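Basis for what follows: all heavy atoms, side chains included, without hydrogens, waters or symmetry-related copies. Here the structure is a predicted model, which means the values were calculated and not measured.
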Amino acid sequence: MFEISELQYKYALAKIEELLPLTDDSTPVNDKNSIELSIMSEIVMAYENKHFPIEKPTIAELIDLALEEASMTQKELASKVGVSPSRINDYITGRAEPTLKVARSLCKVLNIQPNAMLGL
């Protein structure tokens with residue numbers, strides 16, 4: 001693939017803003033605007049993947065974020081998973097990582113995708 005310049009990236013972003021109001025889920029994939037939107041989106045994604053990579057979250061970050069989203073306390077999570085509250089705190093602070101059995105339970109209780117927990 002070729003190198004995408006910042007100027008090309010900015011152009012693609014502007015073009016996406018123009019095209020979004022012209023397309024929706026019912027727009028055929030072979031529609032001119034839909035095709036152009038797809039191409040511009042690929043340019044933006046390629047540029048951002050190279051220049052603004054997103055690091056995968058750690059297990060600690062995953063658990064902490066999911067706990068917050070679930071509006072659950074560490075004590076409540078510990079009870080549902082079957083470990084002590086201090087152990088949950090160890091996972092959230094990164095002092096320890098859960099066993100596969102506990103990780104499976106954390107995924108179910110907190111609605112975390114297993115591949116995210118495994119770092120895939």
Side-chain angles (χ1 to χ4, degrees):
M1 187 164 189
F2 61 92
E3 184 73 23
I4 298 167
S5 71
E6 185 177 358
L7 183 63
Q8 291 167 323
Y9 168 71
K10 288 180 178 179
Y11 174 84
L13 281 175
K15 197 65 177 168
I16 287 171
E17 290 300 318
E18 289 176 25
L19 293 166
L20 280 174
L22 304 175
T23 60
D24 60 28
D25 290 340
S26 64
T27 305
V29 292
N30 61 350
D31 177 81
K32 174 186 166 268
N33 292 328
S34 183
I35 293 169
E36 190 173 4
L37 180 60
S38 177
I39 293 168
M40 294 298 117
S41 296
E42 288 294 326
I43 290 169
V44 167
M45 286 189 313
Y47 185 88
E48 288 180 351
N49 285 341
K50 180 173 182 177
H51 297 280
F52 310 112
I54 298 174
E55 298 290 323
K56 291 183 180 181
T58 64
I59 291 174
E61 292 167 335
L62 279 173
I63 295 170
D64 191 35
L65 180 61
L67 192 60
E68 186 179 318
E69 287 177 353
S71 299
M72 191 182 302
T73 66
Q74 290 182 23
K75 187 175 181 179
E76 291 169 330
L77 178 60
S79 174
K80 291 182 180 197
V81 174
V83 297
S84 69
S86 64
R87 200 63 177 154
I88 294 295
N89 188 265
D90 287 342
Y91 301 149
I92 291 172
T93 59
R95 286 191 298 264
E97 289 192 1
T99 63
L100 283 176
K101 181 180 177 184
V102 173
R104 182 181 304 121
S105 185
L106 286 167
C107 287
K108 287 180 183 176
V109 171
L110 294 173
N111 198 28
I112 299 172
Q113 292 296 317
N115 59 348
M117 184 70 80
L118 294 172
L120 302 176

Begin from the C-alpha positions of Lys80 and Lys108 and carry the test side chain to side chain contact (heavy atoms under 4.5 Å, CB included) through to its verdict.
CA-CA 10 Å; Lys80 291 182 180 197; Lys108 287 180 183 176; over 6 Å; no
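- Legend: residues meeting ring-ring contact (aromatic ring centres under 6.0 Å, His included) with Tyr47, ordered by chain and number and at least two apart, are Tyr9, His51.
- Looking at Glu76, its side chain does come within 3.5 Å of a backbone N or O of Thr73 through a donor-acceptor pair.
- A donor-acceptor pair under 3.5 Å is formed between the side chain of Asp24 and the backbone N or O of Thr27.
- The neighbour count for Glu97 CD, taken as heavy atoms of other residues, nucleotides or ligands under 6.0 Å away, does not exceed 12.
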Kindly indicate, with the supporting measurements, whether the criterion side chain to side chain contact (heavy atoms under 4.5 Å, CB included) is fulfilled by Asn89 and Arg95.
CA-CA 8 Å; Asn89 188 265; Arg95 286 191 298 264; 2.7 Å; yes
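- In the hydrophobic cluster analysis, where Ile, Leu, Val, Met, Phe, Trp and Tyr join through side-chain heavy atoms closer than 4.5 angstrom, Phe2 is grouped apart from Met45.
- Between Pro57 and Leu65, the closest side-chain pair of non-hydrogen atoms is not below 4.5 Å.
- By the rule that hydrophobic residues join a cluster once side-chain heavy atoms approach within less than 4.5 Å of another member, Ile16 and Ile35 end up as members of one cluster.
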Would Ile43 and Tyr11 count as a side chain to side chain contact (heavy atoms under 4.5 Å, CB included) if you check the C-alpha gap in whole Å, the side-chain angles of each, and the deciding distance to 0.1 Å?
CA-CA 10 Å; Ile43 290 169; Tyr11 174 84; over 6 Å; no
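- With hydrogens and angles disregarded, no donor-acceptor distance shorter than 3.5 Å links the side chain of Asp64 to the backbone of Ala60.
- Formation of a donor-acceptor pair under 3.5 Å by the Glu42 side chain with backbone atoms of Ile39 is not found in this model.
- Ion pairing between Glu6 and Lys10 holds under the 4.0 Å rule for side-chain N and carboxylate O.
- Counting heavy atoms from C-beta on, the side chains of Val109 and Met72 come closer than 4.5 Å.
- Between the side chain of Ser41 and the main chain of Leu37, a donor-acceptor pair closer than 3.5 Å is present.
- Contact check for Leu118 versus Leu100: side-chain heavy atoms found under the 4.5 Å cut-off.
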Check the pair Ile54 / Asn49 against side chain to side chain contact (heavy atoms under 4.5 Å, CB included), numbers first and verdict last.
CA-CA 8 Å; Ile54 298 174; Asn49 285 341; over 6 Å; no
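- Within the 4.5 Å cutoff, no side-chain heavy atoms of Leu22 are placed close to those of Asp31.
- In this structure a side-chain-to-backbone donor-acceptor pair under 3.5 Å is missing from Glu36 to Asn33.
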